There are 2 protein chains.
Amino acid sequence: MAVPTDRRLTQRGEERRRQLVDYATARFAENGFHPTSVAEIVEGLGVGKGVFYWYFDSKEELLRAILSDAQHDLRRTQRDAIADAGSPTERIERGIRASIEWSIEHRDYFRLFQFAATDGRFSSNLRTGEQVAVRDAARHLAEAMAAGEIAAGDPELLSHAILGVHTHLVHLVHRGLLDPTPAELDAAVSFCLYGLLGPRTKG
Amino acid sequence: MAVPTDRRLTQRGEERRRQLVDYATARFAENGFHPTSVAEIVEGLGVGKGVFYWYFDSKEELLRAILSDAQHDLRRTQRDAIADAGSPTERIERGIRASIEWSIEHRDYFRLFQFAATDGRFSSNLRTGEQVAVRDAARHLAEAMAAGEIAAGDPELLSHAILGVHTHLVHLVHRGLLDPTPAELDAAVSFCLYGLLGPRTKG
DNA sequence: AGGGTAGTTGACTGAGCGGTCAAGGAACGC
DNA sequence: GCGTTCCTTGACCGCTCAGTCAACTACCCT
């Protein structure tokens, strides 16, 4: 009945699970979570329905697994991006760029994040990850403030503001309303950085 | 079968329709569009199922009507807010503030916008309204640029960036992670304005 | 009063849903 | 070859869903 969390999968099993996750990710992102049925997923892969329930307890659990995978992937990408940055400000800028690029590349994940944020059944799964990322960014902002690189302010609030810009612009790119050219990305990053910079006596 | 678009409603009819719209808005926002059934709506109001289909062709059409109402309300609020502003920059600032305040006040509408943006069946309904609002804001930005009040840049891109900040911060307020105090709003508006201001030789 | 229209009822339909399960096949260690 | 575990099948279950409709009531106009 319940799928044990520690089930040992053979290679065949791993591959099948991957297929399910990948195909479901694409369908959920394209057609929406609720409108996509389990029947549609297994039929799309040409397998029996029991296969689905061999690997997952429910459709909900599958989405949670997808979201978790995506969050870990994003986080790893961010960590790698800021690893060899010198100053706090540089870490912030690289973090912003890496997040935007990842979100553009992983369109399906991004859409699922957007959906999950609107559904009480899944939004809690996002919060932890978002909180970690925001706290992280806020730490860099606080350092930059201490170093006098940017204006003083609430680091978490500003992190969220940046996240808002990032999210919305990626949305535009996915909708085809914005070409993700270096110039456009620079403009977005610049908006954020000058927003952080705040009032200055000299620039 | 189909509800005529020009059906004459008596006062009683208008009130019933209002009840349906209001109750459905609350349920859709709270529980999600797909998980909320027509049965749940009519039972919540203590009426028969036929009532629903007397006023609306489908659950989808009802959501579309709600979204349309909400967009018109927001737009009216924005227009009123910037009516008596002197400079382009002041119009921008008042527009931002009015949008944030409206979104905080109309939590249900805001959540439905968020959901609709993730669902291909409804996102087209939002686009027109968003485009109008963005074009409008972009016009003020262009004027401000021409007047030398802010740095040159792509007005539409910057409008979207502001919209992104607005959206994300309102989200935070609704999640209880941010108190919408004047100071917090000022910080958000300031982030946007300095982002717009961009590089300056003097401030 | 009476006739028309606006509004209402709730049982009903047919389809589709998420999820189950007994049975059977494939891979692997022995 | 044989037993065990891993995996797969697809008919099936109970239920809920969006949407229908014939019969009915409330209201308004004359």
Side-chain angles (χ1 to χ4, degrees), chain A residues 1-25 27-28 30-66 115-116 119-122, chain B residues 1-25 27-28 30-66 115-116 119-122:
Chain A
M1 201 173 204
V3 177
T5 53
D6 59 343
R7 167 176 286 164
R8 303 229 333 161
L9 295 176
T10 63
Q11 192 187 335
R12 187 191 175 199
E14 291 285 2
E15 280 164 14
R16 186 64 94 198
R17 205 189 114 100
R18 234 351 34 210
Q19 281 188 333
L20 284 164
V21 166
D22 289 348
Y23 189 75
T25 299
R27 297 308 303 147
F28 288 163
E30 176 63 31
N31 201 41
F33 172 74
H34 292 297
T36 301
S37 66
V38 174
E40 186 185 332
I41 294 168
V42 294
E43 276 161 25
L45 291 175
V47 298
K49 209 171 189 182
V51 168
F52 186 96
Y53 290 97
W54 176 257
Y55 296 98
F56 304 99
D57 278 333
S58 66
K59 205 174 84 165
E60 260 192 51
E61 199 217 272
L62 167 57
L63 179 55
R64 270 187 249 276
I66 293 170
F115 162 75
D119 192 307
R121 290 161 200 77
F122 304 107
Chain B
M1 202 170 205
V3 176
T5 54
D6 60 343
R7 168 175 286 164
R8 292 192 18 148
L9 294 177
T10 63
Q11 192 188 335
R12 184 192 175 198
E14 291 285 3
E15 281 164 13
R16 185 65 93 198
R17 205 189 114 102
R18 243 328 56 196
Q19 281 187 333
L20 284 164
V21 167
D22 289 347
Y23 189 74
T25 299
R27 298 307 303 147
F28 288 163
E30 176 63 31
N31 201 41
F33 173 74
H34 292 296
T36 301
S37 68
V38 174
E40 185 185 333
I41 294 168
V42 294
E43 277 161 25
L45 290 175
V47 299
K49 207 172 191 182
V51 168
F52 186 96
Y53 290 96
W54 177 257
Y55 295 98
F56 305 99
D57 278 333
S58 65
K59 205 174 84 164
E60 258 192 54
E61 199 216 272
L62 168 57
L63 179 54
R64 270 186 248 278
I66 293 170
F115 163 75
D119 191 306
R121 290 161 201 78
F122 304 107

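Chain A is the first sequence line, chain B the second, and so forth, proteins listed ahead of strands; every chain is numbered from 1. Computed from a predicted structure; not experimentally measured. Reckoned from all heavy atoms, side chains included, excluding hydrogens, waters and symmetry mates.
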Legend entry - Criterion side-chain hydrogen bond (donor to acceptor under 3.5 Å, both in side chains) on Gln19(B) and Glu15(B), from CA distance to verdict: CA-CA 6 Å; Gln19(B) 281 187 333; Glu15(B) 281 164 13; over 6 Å; no

Legend entry - Distance-minimising heavy-atom pair for Ile41(B) and Ala24(B): CD1-CB, 3.9 Å

Legend entry - Non-neighbouring partners of Phe122(B) that pass ring pair (Phe, Tyr, Trp, His ring centres under 6.0 Å), sequence neighbours left out: Phe33(B)

Legend entry - Sequence-distant partners of Glu40(A), salt bridge (charged side-chain N to carboxylate O under 4.0 Å, His left out), two or more places apart: Arg27(A)

Inset, instruction - Specify the closest pair of heavy atoms between Tyr53(A) and Val3(A), including all atoms of both residues, with the distance to one decimal. - result: O-CG2, 3.7 Å

Legend entry - Residues, nucleotides or ligands: over 12 heavy atoms within 6.0 Å of Glu60(A) CD: yes

Inset, instruction - Kindly state which residues belonging to residues 7-19 of chain B come within less than 4.0 angstrom of DNA chain C, counting heavy atoms of the residue only, listed by number. - result: Arg8(B), Leu9(B), Thr10(B), Arg12(B), Gly13(B), Arg16(B)

Legend entry - Residues forming a side chain to side chain contact (heavy atoms under 4.5 Å, CB included) with Arg12(A), sequence neighbours excluded: Thr10(A)

Legend entry - Near-strand residues of residues 33-45 of chain B, defined as heavy-atom separation under 4.0 angstrom from DNA chain C: none

Inset, instruction - Could you check how far CZ of Arg27(A) sits from P of dC17(C), rounded to whole Å? - result: 12 Å

Legend entry - Cation over ring face, Arg17(A) and Trp54(A), 6.0 Å, 45°: no

Legend entry - Heavy-atom closest pair, residues Arg16(A) and Val51(A): CG-CG1, 3.9 Å

Inset, instruction - Under 4.0 Å from any atom of DNA chain D, heavy atoms only: list the residues of residues 47-56 of chain B that qualify, in numerical order. - result: Lys49(B), Gly50(B), Tyr53(B)

Legend entry - Side-chain ion pair, Glu14(B) and Arg18(B), N-O less than 4.0 Å: no

